Every structure is written in C-alpha cells, then in structure tokens.
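Written below as structure tokens is the structure these notes are about.
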Amino acid sequence: MPPLSDIYRVRLGLLTDLYQLTMANGYWKTGLGERFAAFHLTFREPPFGSGFTLACGLEAVVEYLEAFRFEAEDLAYLEAMPGNDGRPLFARGFLEYLSRLTFTCDVDAVPEGTVVFPHEPLVRVVGPLAQAQLVETALLNLVNFPTLVATKAARLVSVTGDEPVLEFGLRRAQGIDGALTASRAAYIGGCAGTSNVLAGRLFGIPVRGTHAHSWVMCFDDELEAFLAYAEAMPNNCIFLVDTYDTLAGVRHAIEAGRRLRERGHEMIGIRLDSGDLAYLSIEARRMLDEAGFPEAAIVASNDLDEHLVASLKQQGARIGVWGVGTKLVTAFDQPALGGVYKLSAVRDEGGRWRHRIKLSEQAAKVSNPGILQVRRFFRDGEPAGDVLYDVDAPIPDPWVMIDPLDPTRRKFLPADARSEDLLVPVFRGGKRVYDVPPLAAARRRAADGLASFHSSVKRLLNPHEYPVGLEAELFDRRTRLVLQARGHTA
C-alpha cells in the first residue's frame with residue numbers, strides 16, 4: 001500500500017471515474033469542451049425511510065474544487081494508459097488541455113445542515129462542459145456518504161431527546177476517511193461527541209470514552225480493576241460493568257465511586273454494553289440512586305440504532321447517554337444515498353440555453369430541465385412546501401406548486417409569503433465567494449431547521465410526505481420535453 005500522503009494529496013484531479021475523462025476527451029475533440037452546461041446533484045429517495053434528509057459534505061466540496069488541477073504525475077499516468085488496441089487512450093493534445101485546466105464554473109449549493117428532500121438540487125454546477133463533467137464523481141463521493149450519516153444521526157437524536165448521543169464507530173468504520181467523515185457528519189446531525197480522537201483534533205468535536213473489557217480482564221477481579229482505573233483516571237470514571245456479571249459490576253462501580261468520592265472526585269457513571277438493556281438500566285438506576293449516586297449517568301452501547309433506542313425508551317429504560325457505533329458510521333440499513341448528477345441544459349453557439357431532460361421507464365427518474373433553484377415557503381413559521389423553479393424564468397404570482405408524479409395535486413402559494421431560496425452562491429467563475437461556516441454553525445443550522453418542521457415529518461415510521469413540487473412553468477416545460485423525446489407533439 002502506498003503512503004497515505006500519496007493518496008490524500010492536495011490536488012485530487014484523478015479522483016474520478018474513467019468515463020468522466022473519456023467524455024471530457026470527446027468534448028475536447030468535438031469542440032464542445034468550453035460550451036456552457038448546467039448540472040444538478042440530487043437524490044431520489046430519502047434514506048432509511050426517513051421523512052427528511054440533512055445535506056452534508058459541502059466543506060469538502062469547496063476544498064476539492066479550490067484545489068482542482070491535474071498534476072504532472074496525473075498526466076504521466078494518463079499518458080501511459082492504453083486503449084484496447086494497445087495505443088495511448090488519450091491524445092497528447094487532450095493531456096495538454098488538462099495540464100492548463102483550472103476550475104472556472106459557477107457553483108451554488110445548500111449549506112451543510114440544511115433539511116432537504118428528494119429531487120431538490122443539493123449542488124448546481126454551471127460552466128464549461130468538460131469541467132462540469134469532470135467533477136461529477138468527486139462531488140457525489142463527497143456529498144453522498146456524509147449526508148447519509150448526518151441524517152442517521154439526526155434520526156437518533158430525534159428519538160433520544162435531551163439524552164446525548166455519542167458516536168462510537170471508529171473501529172467499525174469504512175477506513176480512515178470513512179471514520180473521519182462519519183464523525184464530522186454525525187456531529188452536524190446532532191451527536192454530542194465522538195470516541196475518535198483524530199476527529200476531535202481535526203474538527204473540534206468533543207471526545208468521550210472510558211475503558212474496555214480488556215482493562216477489567218487484566219486484573220484478578222473486577223473491583224480491583226475499577227479501583228485501579230479510578231486511581232489512574234479519577235476525572236474520567238465511567239465503569240464498564242458487563243465483563244462478568246452486570247449487576248455485580250454495578251455494585252463494584254458503586255464501591256469504586258465511594259472511594260473516589262472520599263478522594264474528592266466523582267464517578268461519572270457506568271456503561272452497559274450487552275444483555276437486556278432495558279431491565280439492566282432500570283436495576284442499575286435503582287442501585288445507583290439508593291447508593292447515593294443519582295447524578296451518575298448510565299451509558300448504553302451494543303449495536304444500537306434509532307429503532308432499538310425507540311424500543312428501549314418505550315420499555316422504560318433508564319439510559320441517559322447513548323453510544324452508537326456501527327449502525328451510525330456505516331449507515332447500516334442503507335449504505336448509499338443514491339445521489340445522481342444530471343445534465344439539465346447546454347448553451348448553444350448563439351448563447352441560448354437548450355434545456356435537456358433524461359427519461360426513464362420510472363417516472364421518479366425523469367430529470368428536471370433548466371437552471372434550477374429551490375424556494376422554501378413558510379406558514380406560521382413552519383415550512384409549508386418547497387418549489388423547484390428556473391432562475392431565468394419570471395417570478396410568478398402566485399406560485400403554483402405541481403406534484404411531478406401527479407399533476408392534479410397542486411398548491412398555491414402567494415408571492416409575498418415568507419420564503420427563502422435554499423441554494424447559495426459558492427463559486428463564481430471558479431473563485432470562492434462563500435465563507436464555509438464553522439462546524440458548530442452547521443450543527444445549529446441542522447437543529448434549528450429540523451425544529452421548524454412539523455413532528456409528523458420527523459417520525460421514524462410512515463413519516464408525513466413533505467410537499468415538494470415544480471413551479472408551473474417548469475412543470476409545463478418538463479412535460480413538453482418528455483412528449484418531444486417520446487415522439488409526440490407538445
């Protein structure tokens with residue numbers, strides 16, 4: 001394996017699929033490479049059966065695009081790549097073109113922590129066709145996974161309420177990058193801390209942790225192990241009590257807590273990592289309270305997810321802190337968001353936009369044409385519906401939101417109603433015009449945004465479908481293009 005410094009370089013021009021490069025080569029050869037085009041990054045279904053999704057990953061997108069270049073080593077590698085006839089796959093002229101290429105596109109995106117819904121653009125790229133095509137794979141890579149994890153974390157936090165969720169997934173994550181990305185995204189989604197010390201240093205996330213079963217097993221008995229840990233780490237004592245017998249472990253933790261208190265320190269709590277967490281937490285809470293430790297927290301782990309947490313709370317579990325690892329950082333029950341990046345318009349030689357549409361036998365996979373924006377409308381402070389519209393079209397009055405899958409479902413929204421556009425300028429002509437907010441601000445945006453939505457949108461099972469539709473003129477254009485593409489007169 002090469003050194004990590006060779007993989008995670010400043011410039012990642014080759015972080016792409018081969019077909020992006022072969023298409024860019026074709027655009028260059030046919031003279032289309034500098035023709036302006038518009039692409040949108042969207043997703044088709046909310047993950048985990050959720051009623052909402054939390055956008056995440058924009059900070060990495062900004063860093064990637066700011067550094068976008070092909071280095072000499074990249075071009076040498078591409079020059080040596082053979083086609084199926086044994087000759088060079090790429091022409092020298094194309095490689096020279098790549099050597100001079102800098103990113104000059106306009107980019108708009110929804111800020112991290114924004115609540116979003118299917119078919120809404122998370123990122124819009126407008127600029128020279130070859131450039132906009134070449135960044136597709138990297139943008140999808142940088143947005144898909146963190147959006148999944150942030151959404152999963154938000155679902156967990158919506159169940160636990162005031163009880164903090166800690167991300168404990170480093171050891172089960174998909175590699176170093178997967179672990180760091182997951183820790184950051186989980187914090188935006190609402191987790192209170194992480195066990196990942198490197199993520200703590202890099203991102204400023206609070207780091208939490210205690211000891212493992214191996215600490216207990218190094219000593220002749222459990223009480224001795226707890227007393228030794230209390231001696232070594234008197235200001236970090238959460239005792240893992242299930243190495244041998246959980247309730248006996250609670251008694252030993254209480255004894256260690258008493259001796260800590262005699263020395264002027266306080267036991268933080270205990271951790272349960274196996275068994276019947278509802279029953280054991282109830283019993284542990286009773287024992288701790290009776291022993292004079294009502295403030296001692298009960299931390300639970302053991303392959304938790306939002307559904308198991310909800311079940312434990314329904315059973316009356318007395319758990320105060322939730323440690324969630326594998327099923328959070330791996331997005332266990334849905335490993336991919338399914339984000340897509342689709343061409344929606346190309347500018348012709350005369351400078352006019354020619355709208356493009358991608359068809360499918362599945363109506364949900366038909367793309368939307370134009371240079372798109374999303375406007376969120378509010379009623380009594382609560383989001384009332386999102387409308388996709390073309391930024392070049394006149395602002396309607398009133399707005400008519402049409403369900404693209406059922407045109408009989410329409411909603412009328414007055415033009416003077418409180419509203420906001422979700423996509424904000426990030427790059428103009430390849431120059432960054434957006435100050436990436438601190439991580440804490442993205443976290444607050446997620447919490448505040450979710451708090452504004454009706455609870456029915458956030459429930460775990462059968463959530464309410466938040467209304468998202470096309471502005472009437474955009475809907476009509478889309479219909480015309482579908483009919484034309486299928487050989488019908490519009």
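Note that this is a predicted model, so its numbers are computed, not measured.
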Criterion side-chain hydrogen bond (donor to acceptor under 3.5 Å, both in side chains) on Asp421 and Tyr389, from CA distance to verdict:
CA-CA 10 Å; Asp421 286 339; Tyr389 72 98; 2.9 Å; yes
With no hydrogens and no angle check, do the side chains of Glu167 and Tyr187 hold a donor and an acceptor under 3.5 Å apart?
no
Under the salt bridge (Lys or Arg N to Asp or Glu O under 4.0 Å) definition, can you give me all pairs with a residue in residues 96-108, not counting sequence neighbours?
Asp108-Arg124, Asp108-Arg428
Step by step, work out the side-chain hydrogen bond (donor to acceptor under 3.5 Å, both in side chains) result for Thr210 and Arg271.
CA-CA 9 Å; Thr210 176; Arg271 179 160 72 97; over 6 Å; no
Does a side-chain heavy-atom distance below 4.5 Å link Glu471 with Met401?
no
Working note: Ile205 + Val207, criterion side chain to side chain contact (heavy atoms under 4.5 Å, CB included); need CA distance, chi angles, decisive distance, verdict.
CA-CA 6 Å; Ile205 302 171; Val207 179; 5.9 Å; no
Intermediate values then yes/no, side chain to side chain contact (heavy atoms under 4.5 Å, CB included), Arg478 and Asn368
CA-CA 6 Å; Arg478 183 177 188 262; Asn368 294 311; 2.8 Å; yes
Check: Leu422 and Asp386 side chains under 4.5 Å, non-hydrogen atoms:
yes
Separation between CG of Leu14 and CG of Leu21, rounded to the nearest 0.5 Å
7.0 Å
Leu423 versus Pro121: any side-chain heavy-atom pair under 4.5 Å?
yes
Where Phe145 and Thr181 come nearest, the two heavy atoms and their spacing:
CD2-CG2, 3.7 Å
For Asp397, is the CG atom crowded, meaning more than 12 foreign heavy atoms sit under 6.0 Å from it?
yes
Do the side-chain N and O atoms of His40 and Thr42 include a donor-acceptor pair separated by under 3.5 angstrom?
no
Looking at Asn144 and Gly339, would you say the former's side chain and the latter's main chain have a donor-acceptor pair under 3.5 Å?
yes
Between Ser99 and Leu75, which heavy-atom pair has the shortest distance, and what is it?
CB-CD1, 3.4 Å
Is it true that Asp333 and Lys152 make a salt bridge, defined as a side-chain N closer than 4.0 Å to a carboxylate O?
yes
Quick test of your reading of the model: are Glu112 and Arg443 salt-bridged, counting only N-O distances below 4.0 Å?
no
Does atom CD (Glu66) have a neighbourhood of more than 12 heavy atoms from anything else shown, all under 6.0 Å?
yes
Reported CG-to-OG1 distance for the pair Leu156 and Thr151, which is rounded to 0.5 angstrom
11.5 Å
Any donor-acceptor N or O pair under 3.5 Å, side chains Asn196, Thr194:
no
Given ring pair (Phe, Tyr, Trp, His ring centres under 6.0 Å), test Phe52 with Phe453 step by step and report yes or no.
CA-CA 10 Å; Phe52 66 89; Phe453 280 83; 8.1 Å; no
Under a 4.5 Å cut-off applied to non-hydrogen side-chain atoms, are Leu95 and Phe70 in contact?
no
Verify the distance criterion only: is there a donor paired with an acceptor across the side chains of Gln131 and Thr104 at less than 3.5 Å?
yes
Any side-chain heavy-atom pair from Leu312 and Trp322 closer than 4.5 angstrom?
yes
Are any non-hydrogen side-chain atoms of Tyr341 and Thr137 less than 4.5 angstrom apart?
no
Fit a plane to each ring of Phe94 and Trp28, take the angle between them on a 0 to 90° scale, and name the class: parallel (under 30°), tilted (30 to 60°) or perpendicular (over 60°).
tilted
pair Glu382-Asp380: side-chain heavy atoms closer than 4.5 Å
no
Could you tell me if the ring centre of Phe412 sits under 6.0 Å from that of Trp399?
no
Determine whether more than 12 heavy atoms belonging to other residues, nucleotides or ligands lie under 6.0 Å from atom CG of Asn462.
no
Does the side chain of Arg208 come under 3.5 Å of the side chain of Ser195 through a donor N or O and an acceptor N or O?
no
Would one find more than 12 heavy atoms of other residues, nucleotides or ligands at under 6.0 Å from atom OH of Tyr434?
yes
Pairwise side-chain contact, Arg44 with His119, heavy-atom cut-off 4.5 Å (strictly under):
yes
So with a 6.0 Å cut-off around CZ of Arg69, is the heavy-atom count from everything else above 12?
yes
May I ask you to decide whether Glu306 forms a salt bridge with Lys327, counting only side-chain N to carboxylate O separations under 4.0 Å?
no
Hey, is Glu420 close enough to Arg376 for a salt bridge, meaning N to O under 4.0 Å?
no
